[in-house]
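Let me begin by presenting the structure, written as structure tokens, before commenting on it.
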Amino acid sequence: MTDLPRRPAVLLAASAYVLLAMLALRTLEAQWPPLALWAFVLLSLTLGFGHGALDAVLLLGQFAPRSKALAVSAAYLLCVLLAGWALSWSVPWALLLLVLMSVWHFGERHSYALRARLCVGGASVMWPMLVAQGAMAELLQSTPGAGFGTAWNIWHMLAYGWLVLVCACALGWAVKWFLNQKKLADRGDGQSENHNQNSTTDRHPQALWAAIEIAALLCAYLMLSPLLAFALYFGVYHCIAHVARVRRALLAHSRLSIVRYTVAFAASVLATAALLALLWWFLPGMHWLGGASQPEANAGQVLQWLVVSLAAVTLPHLLLVSYSARWLGR
């Protein structure tokens, strides 16, 4: 976990720049509504695509014999195809599974505590259900098919449960901090005071980073449309953080050279492209992609395919990243 800036002025300046950037994006989105969709598509095809392709590097790093790495890679691809085939029969449940996997996966960098992982990981998919219900309803209404009402209600209940968890964790952290400060004030021994301060130093930056991430996502969903806010979080923050994490692991594990890394990345890009093509043509719901005469229906059909494909690709990615947590480090 990266340490917080030592000077509060640096943190305040960074926050001001981020707020100004979001205000500029809000103005642009008001003038050009397709901005959210284009940002989501472009960031997913570039940074999102690249961060997923790095799974090949994780396979080489975790499984030493090449034959074993190839076998696990084949199982990885098979898992994607089977998950896509199964989830395509019920797109609403695929959406709910994608939400739950997002909660777990996006909180990966806060895996030091389960409650912190759930609080931070759920911010990107729970805030829009709490502060942008109208926009979310309009987005889901463009998706044809039955069962989305039930999925909406379950997602809504999960969002309120997540909010209760966040409030309880924030209250608990505030009480612990207050009691710790009171204990330090009651003790007159400077040496013991320094010892207690040092013992709690490692926890405070982690809790502050979690609070900052949750608050930043709240501001993003209040100022921007849900699709644009999520696109920025996924493409600009999550993907770049994952790439940096893999790079640090590569530097720490010298046996994985830059040449093998480059070859693995290039091969994984080709494999991912082929995998998306397979999902496009062989899902049981492939009739989504044709036969509709209205543009709105076509958009909803493509959105269905996108939900199923994201859920199918996220499942093995989540499992591999969680398995590689020790190799990646925090």
Side-chain angles (χ1 to χ4, degrees), residues 1-48 50-51 99 102-103 105-110 116-139 159-160 162-167 169-171 173-174 177 203-245:
M1 184 68 63
T2 305
D3 293 335
L4 288 171
R6 294 180 179 271
R7 297 181 180 179
V10 176
L11 185 59
L12 291 176
S15 302
Y17 282 122
V18 171
L19 288 175
L20 289 175
M22 285 195 293
L23 285 173
L25 287 173
R26 181 177 182 177
T27 303
L28 289 174
E29 189 178 16
Q31 297 297 324
W32 190 51
L35 174 64
L37 180 60
W38 277 102
F40 179 76
V41 172
L42 291 177
L43 288 173
S44 298
L45 292 178
T46 54
L47 293 173
H51 116 281
V99 169
S102 298
V103 172
H105 182 57
F106 289 150
E108 178 75 26
R109 296 177 67 246
H110 298 270
R117 182 170 190 164
L118 296 179
C119 287
V120 179
S124 62
V125 291
M126 298 305 177
W127 274 138
M129 294 298 292
L130 298 173
V131 301
Q133 295 183 22
M136 290 295 295
E138 183 179 354
L139 184 62
Y160 280 110
W162 171 83
L163 183 61
V164 171
L165 176 63
V166 171
C167 294
C169 291
L171 180 61
W173 184 85
W177 181 85
R203 297 181 181 180
H204 290 173
Q206 294 174 339
L208 288 176
W209 268 124
I212 290 172
E213 189 169 335
I214 294 172
L217 280 167
L218 174 60
C219 294
Y221 281 112
L222 288 174
M223 299 177 66
L224 305 173
S225 66
L227 187 59
L228 181 57
F230 180 81
L232 293 175
Y233 172 77
F234 173 71
V236 177
Y237 179 76
H238 173 74
C239 293
I240 293 178
H242 181 73
V243 171
R245 191 182 181 193

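Along the sequence shown, residues carry numbers from 1. This one's a predicted model, so the numbers in the text were calculated from it and none came from an experiment.
Among all heavy-atom pairs drawn from Ala220 and Met22, the shortest one is CA-SD, 3.6 Å. Of all the heavy atoms in Leu217 and Ala123, the pair that sits closest is CD1-CB, 3.4 Å. Closest of all the heavy-atom pairs between Leu118 and Trp162 is O-NE1, 3.3 Å.
Residue pairs satisfying the salt bridge (Lys or Arg N to Asp or Glu O under 4.0 Å) criterion with at least one member in residues 116-129, sequence neighbours excluded, are listed as follows: Glu108-Arg117.
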Expected list for residues 235-243: side-chain donor-acceptor pairs under 3.5 angstrom, two or more places apart:
unit_1, atom_1, unit_2, atom_2, d
Tyr237, OH, Arg109, NH1, 2.9
Tyr237, OH, Glu213, OE1, 3.1
His238, NE2, His105, NE2, 3.3

Atom pairs and distances, donor-acceptor, side-chain atoms in residues 23-35, under 3.5 Å, two or more places apart:
unit_1, atom_1, unit_2, atom_2, d
Thr27, OG1, Leu23, O, 3.0
Glu29, OE1, Ser225, N, 3.4
Glu29, OE2, Ser225, OG, 2.4

N/O donor-acceptor pairs under 3.5 Å from side chains in residues 124-135, not counting sequence neighbours:
unit_1, atom_1, unit_2, atom_2, d
Trp127, NE1, Ile214, O, 3.1
Gln133, NE2, Met129, O, 3.3
Gln133, NE2, His156, NE2, 3.2

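Between Phe106 and Tyr233, the angle of the ring planes goes over 60°, which puts this pair in the perpendicular group of the 30/60° scheme.
Side-chain atoms of Leu165 and Cys169, non-hydrogen and from C-beta on, do get closer than 4.5 Å to each other. With contacts defined as side-chain heavy-atom distances shorter than 4.5 Å, the pair Tyr221/Met136 does not qualify.
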